[in-house]
Amino acid sequence: MATSTLDAPLLSLPSHTHLATPTPPSTASPTVNNDRYCANHHRTLKLIGKCSNIDHLKQVHAHMLRLNLFFDPYSSSKLFNLCAFAHYSTLDYAQQVFDQIPQPNLFTWNALIRAYASSSNPDKALFVFLQMLHLCPDSPNKFTFPFVIKAASEVMASGVGRVLHGTVIKASPHFSSDVFILNSLIHFYGSCGDVNLAYRVFANMLDKDVVSWNSMITAFVQGDCPEEALELFRQMEMNGLKPTNVTMVAVMSACAKKLDLEFGKWVCSFIERNEIGLSLTLNNSMLDMYTKCGSLEDARVLFDRMAEKDIVSWTTMLVGYARMGKYDEAQRVFYAMPNQDIAAWNALISAYEQNGKPKEALTLFYKLQVNKHVMPDQITLVSTLSACAQLGALDLGGWIHVYAKKRGIKLNCHVTTSLIDMYAKCGDIKKALEVFQMADRRDVCVWSAMISGLAMHGQGKAAVDLFEKMLEAKVKPNDVTFTNVLSACSHSGLVREGRALFSQMGPVYGVMPGLMHYGCMVDILGRAGCLEEAAELVEKMPMVPSASVWLSLLGACSIHGNSELAEKACCHVFHLEPNNHGAFVLLSNTYAKAGNWERVSCLRKQMRESGVKKEKGCSLIEVDGTVHEFLVGDNSNPLSEKIYSKLDELVTRLKSVGYVPNKSELLQLVEEEEVKEQALYQHSEKLAISFGLISTSPLVPIRIVKNIRVCGDCHSFAKLVSEVYDRQILLRDRYRFHHFKGGKCSCKDYW
DNA sequence: ATAGGGTTAG
């Protein structure tokens, strides 16, 4: 077989050479003057330049070991550079070679740091840097810092980066004006989210080059300041600098962030006019801009025209279709792409999960799970756990928890947050607390999720206590934390605590109250009966009240029977959301509470004429890992007959202990009392309770998830079932959990 | 005696 010149050995080794661990040349000095040594030295350096595959490299490596050339720092640095950066080499191999070099010089240390900085283990670059400070006789030079700073930004080590910045300033005035070092600092501050510091470095630079501008524009885009990015792009032009394709990637990304299709298209024409080369990355960022701005048509045209496509191009199209709800198209892209990596799977799974299709998300997860080539990762877990949470699928969620442990998928803060949220939303607050306590790292999301879990289970006091603990743990609360802790106060009637937190959030914690917080506060005051104060708060909100704020006020009116204020709040809701059925229900309940039946029937008539559709009630219950769904008056379940006869039995038995159907909240236009009563028995949660009673073990609670607020009648019904049948029922409605046990509910009839 | 920085999706 013919051997190509490339595969032929570079060296034919004399037979007397033997493999040995390197021993220093007799003079034991790093530079050797002996003639033979110099000749070898020269020949070997030439050989290094000729290496074109890993075998060549290893041969030269072996040869150098034999000739003790590793003791010449220059020669070994030459070889090492190839080991670290040749495409055919690996970093592991480079590290092995490095470990054999007796006295790596500064160049070699720098090369190792650089190699790690852009590897998948950038933290090792920082470690090597520390080693270098101890072991290398030379101080870091102007090449060292850009690499270490790059590593610091890769691992988002903001503290480390700041220290490095200080070191740079102290080390030499040459360093603090080195354009490479300063550019890397801009990049570092940008990627750590500190746009202001990035800009300070940028603005103070005397000699900015195109990379400085690109880094700063990118920092603005990534720091969520697209306006500033575009402004800087304009300034760059005014300063006579020609933008590169890297500039245009950032600018395109700014357009995508602003959802500004028109400007995006202008930028595309700018690229053409200025003959800026279309790299694959730039094409991809154009695709991204088109899909984010909603023009799948333009994206498609570009996509079909692109000569080179990579996984990013395909995924961008996939996500674009999925976001628009075009699942068929998204699936077509998914199956058409050359290979589906985990990101593609995740994109499709999370698209389903985030668009109210949790069942489809889980179906896809099953398929992924039997796939041999792709492994679920942490992002997959986050999406699927959220799908479980939506469905109340506790068994499946628990299974995913076990799966993650078994597969050794690390429970980072994102996964921990999702687990806590899943357990809480599926009704297992104990398990949620367990995950919380076992977590080895708790960021603001983890704490907030736990507070939210306690809140929805009516454990307001515990939620507020946990908030205090969070402060003790020196974790800074954010807007979500406050929404959760305030909603805890509202669910548990903690008026004093709520007031205090609300008034402190801005001045003490620097979190400005937003719509959600005002909504919670209106809820807290309203439920407690301070209707006027609640109404005043709505009046003096610094932003326009949303429908949900008015709904909170309306809800409070319905509890306390204040028709006048209810009408006013209702007007506002209809102004913002003319088809909000919930507002009709709450107003009608207010009239019912006040005994104003005339108004109730008038409202019903109005509803029928306006054609406002009620969101169909739907209850989910998981039995043996399968989620069963019940709609109003559903009889699609195979056990339907049994379910209805069980329901008949329930009604009879409950009536015998005093159950009186409460028809006041019914809004259907039916006159006969008999028919009204039948309508009540069609409610999905009653069907789910009957099903739960006949198909689950008496020892476990019946867990039900309902899409809308539970009605008063079903609430009393569930309380009685929990007493008469001695069964715990956990019912999650749109807003919170109801724990029915021994005839009582954890919400204390206050929901 | 050797060298380097900035870019896209989820």
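Lettering of chains follows the sequences in order, A, B, ..., and the numbering in each one begins at 1. When reading the values below, keep in mind they use all heavy atoms of this one structure, side chains included, and skip hydrogens, waters and symmetry mates.
Within residues 318-336 of chain A, the residues having any heavy atom closer than 4.0 Å to DNA chain B are, in order of number, A:V319, A:R323. A heavy atom closer than 4.0 Å to some atom of DNA chain B occurs in A:N141, A:K142, A:F143, these being the qualifying members of residues 121-145 of chain A. Heavy-atom distances under 4.0 Å link DNA chain B to A:T244, A:V246, A:V249 of residues 240-249 of chain A, given in residue order.
Nucleic acid contact for A:N346: none, since no nucleic acid atom lies under 4.0 Å from a heavy atom of the residue.
Partners of A:K258 under the side-chain hydrogen bond (donor to acceptor under 3.5 Å, both in side chains) rule, at least two apart in sequence or in another chain, are A:E227. A:N105 pairs by the side-chain hydrogen bond (donor to acceptor under 3.5 Å, both in side chains) definition with A:T108, not counting sequence neighbours. Residues that satisfy the side chain to side chain contact (heavy atoms under 4.5 Å, CB included) test with A:V267, not counting sequence neighbours, are A:M248, A:V251, A:M252, A:C255, A:F263, A:I271. Annotation: side chain to side chain contact (heavy atoms under 4.5 Å, CB included) contacts of A:A115 (sequence neighbours excluded): A:A84, A:F85, A:L91.
Comparing B:dT2, B:dT8, B:dG4 against the side chain of A:V312 picks out B:dT8 as the nearest. For A:N105, the listed nucleotide lying nearest its side chain is B:dT2; candidates were B:dG4, B:dT2, B:dT8. Of the listed nucleotides (B:dA3, B:dT7, B:dG4), B:dA3 has the atom at the smallest distance from the side chain of A:F107. For A:H187, whose side chain is taken as the heavy atoms from C-beta onward, the closest listed nucleotide among B:dA3, B:dT8, B:dT7 is B:dT7.
Annotation: cation-pi pair A:K257/A:F220 absent, no NZ/CZ under 6.0 Å from the ring centroid and within 45° of its normal.
Every pair passing salt bridge (Lys or Arg N to Asp or Glu O under 4.0 Å) that includes a residue from residues 327-339 of chain A is listed here, sequence neighbours excluded: A:E329-A:R332. Residues in residues 152-162 of chain A take part in these salt bridge (Lys or Arg N to Asp or Glu O under 4.0 Å) pairs, two or more places apart or across chains: A:R162-A:D194. Legend: salt bridge (Lys or Arg N to Asp or Glu O under 4.0 Å) pairs involving residues 280-290 of chain A, not counting sequence neighbours, sorted by first then second residue: A:D288-A:K292. The salt bridge (Lys or Arg N to Asp or Glu O under 4.0 Å) pairs that include a residue from residues 266-285 of chain A number zero, where partners must be two or more places apart or lie in different chains. Sequence neighbours left out, the pairs with a member in residues 123-162 of chain A that pass ring-ring contact (aromatic ring centres under 6.0 Å, His included) are A:F145-A:F175.
Ring pair A:H56/A:Y88: centre-to-centre distance not below 6.0 Å.
We find that CG of A:L282 is positioned 12 Å from P of B:dT8, with the value rounded to whole Å.
No hydrogens or angles were tested; on distance alone, a donor-acceptor pair under 3.5 Å links the side chain of A:N110 to the base of B:dA3.
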